[in-house]
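Here is the structure we will look at.
Note that these values count all heavy atoms, side chains included, but never hydrogens, waters or copies made by symmetry.
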Amino acid sequence: MAEYLVFTLCAGMAAMGDLAGHERRGTLTWPGRSAVLGLVAAAAGIRRDDTQGLARLEPLRVAVGVIDDGIPLRDYHTVETIPTAAAKRPDSRPAAMLTAGRATNTAITLRDYRVGVTYAVALWGAPLDAFAEALKRPAFVLYLGRKSCPLSAPPDPRRVEAAGPAMALTQARLPPFRPPGRIRLVASDERITAGDVEDSRNDMAIDRTKWHFATRPVYMHRPARKEDGA
């Protein structure tokens, strides 16, 4: 048996860490390691430029249990850009717009979200007391991906003992407005069973101030259904 810190991430809208571009910013179906540790850092009041504070999070191991990965939503934006030739060295964007007149360019950009998501999270591998308290009383507003995606319920952290991260995740408490749901998929920093599939994800933070991330292995575990004899 080992000790874990488990909590839930429930949000009306979420956007989770796909490769970011100018025209389109996509989302994957579950929050990766950098998203989870970034949220814990926000709860603890650790800023992105606090390298020593962020280093405290690195020993943590993370497992995310997908209860409901929501449905996709795409938001369309129009962005008006000003060619350099149309406004040289403007004092401000309004001044540049005034100078450029109709000599501007309009582009459509896309932002992808997941609507109505619920995940269970387990942390282990480092002292957990301070992070448990931080999640109970977060220093900054907690959101799941973008700032337009605040959590719809407190994370409700609790420390539990379990025979592995998959069992620990089943002890995370859902908010009262969510119907009961089983964990359909677990994405873990460490292999849970021999049958887990090794995948990769570009979500290991190298420099958060510059948004530099590296690829890491992640192990995909599918819990057996009760009707299968689990």
In one Ile/Leu/Val/Met/Phe/Trp/Tyr side-chain cluster, 4.5 Å: Ile46, Leu39: yes
Nearest non-hydrogen partners of Tyr119 and Val66, listed with the distance: CD2-CA, 4.0 Å
Working for side-chain contact (heavy atoms from CB on, under 4.5 Å), residues Cys10 and Phe177: CA-CA 10 Å; Cys10 184; Phe177 59 82; 3.9 Å; yes
Donor-acceptor under 3.5 Å (Asp50 side chain, Arg47 main chain): no
Intermediate values then yes/no, side-chain contact (heavy atoms from CB on, under 4.5 Å), Leu9 and Leu151: CA-CA 7 Å; Leu9 297 176; Leu151 298 185; 4.1 Å; yes
Shared hydrophobic cluster, Val117 / Leu142 (ILVMFWY, side-chain heavy atoms < 4.5 Å): yes
Asp196 with Arg191: basic N within carboxylate O range, under 4.0 Å: no
Atom CE of Met167: over 12 foreign heavy atoms under 6.0 Å: no
Criterion side chain to side chain donor-acceptor pair (under 3.5 Å) on Thr104 and Glu80, from CA distance to verdict: CA-CA 7 Å; Thr104 59; Glu80 194 165 12; 2.7 Å; yes
Lys/Arg N to Asp/Glu carboxylate O, Asp203 vs Arg33, below 4.0 Å: no
Non-hydrogen side-chain atoms of Glu190 and Pro165 separated by less than 4.5 Å: no
CZ/Arg89: more than 12 non-hydrogen atoms of other groups inside 6.0 Å: no
Neighbour count >12 (heavy atoms, 6.0 Å) for atom CZ, Arg222: no
Student check: side-chain heavy atoms of Leu5 and Phe131 closer than 4.5 Å: yes
Aromatic Trp30 / basic Arg114 pairing, under 6.0 angstrom, 45° off normal: no
side-chain contact (heavy atoms from CB on, under 4.5 Å) assessment of Leu123 paired with Val36: CA-CA 9 Å; Leu123 304 179; Val36 171; 4.1 Å; yes
Nearest heavy atoms of Ala130 and Arg56, plus distance in Å: CB-NH2, 4.4 Å
Shared hydrophobic cluster, Ile192 / Leu185 (ILVMFWY, side-chain heavy atoms < 4.5 Å): no
NZ or CZ of Arg25 within 45° of Tyr113 ring axis and under 6.0 Å: no
Short side-chain to backbone donor-acceptor contact, Arg158 and Gln171, under 3.5 Å: yes
Side chain proximity check, Leu28 to Arg201, heavy atoms < 4.5 angstrom: yes
Between CG on residue Leu174 and OG1 on residue Thr8, distance to nearest 0.5 Å: 6.5 Å
Side-chain heavy atoms of Leu128 within contact of Leu60, under 4.5 Å: yes
Val64 with Leu57, same ILVMFWY side-chain cluster at under 4.5 Å: yes
Ala103 to Ala86 - nearest heavy-atom pair and separation: O-CB, 3.7 Å
From CG (Asp156) to CZ (Phe7), nearest 0.5 Å: 11.0 Å
Pairwise side-chain contact, Thr29 with Met16, heavy-atom cut-off 4.5 Å (strictly under): no
Rounded distance [0.5 Å steps], CD in Glu198 versus OH in Tyr219: 4.0 Å
Distance-minimising heavy-atom pair for Ala14 and Thr27: O-OG1, 4.3 Å
Gap separating the CG atom of Asn202 from the OG1 atom of Thr215, nearest 0.5 angstrom: 4.0 Å
Ala100 versus Ile82, closest heavy-atom pair with distance: CB-CG2, 3.8 Å
Non-hydrogen side-chain atoms of Arg146 and Met13 separated by less than 4.5 Å: no
Exercise: identify the closest heavy-atom pair between Val6 and Ala168: CG1-O, 3.4 Å
Test log, rule side-chain contact (heavy atoms from CB on, under 4.5 Å), inputs Tyr143 and Ser148: CA-CA 8 Å; Tyr143 50 88; Ser148 58; over 6 Å; no
Step-by-step salt bridge (Lys or Arg N to Asp or Glu O under 4.0 Å) determination, Arg184 to Asp68: CA-CA 8 Å; Arg184 299 183 287 109; Asp68 188 345; 5.2 Å; no
N-O pairing of Arg216 and Asp189 below 4.0 Å: yes
Distance, nearest 0.5 Å, that separates OG of Ser92 from CE of Met97: 11.0 Å
Validation row: Leu73, Arg111 side chains within 4.5 angstrom (heavy atoms): no
Within one Ile-Leu-Val-Met-Phe-Trp-Tyr cluster: Leu169 and Tyr4, side-chain cutoff 4.5 Å: no
Donor-acceptor pair, side chain of Ser188 and main chain of Ala63, under 3.5 angstrom: no
Side chain Ser200, main chain Pro217, donor-acceptor under 3.5 Å: no
Straight-line distance of Thr99 OG1 to Lys88 NZ, nearest 0.5 Å: 12.0 Å
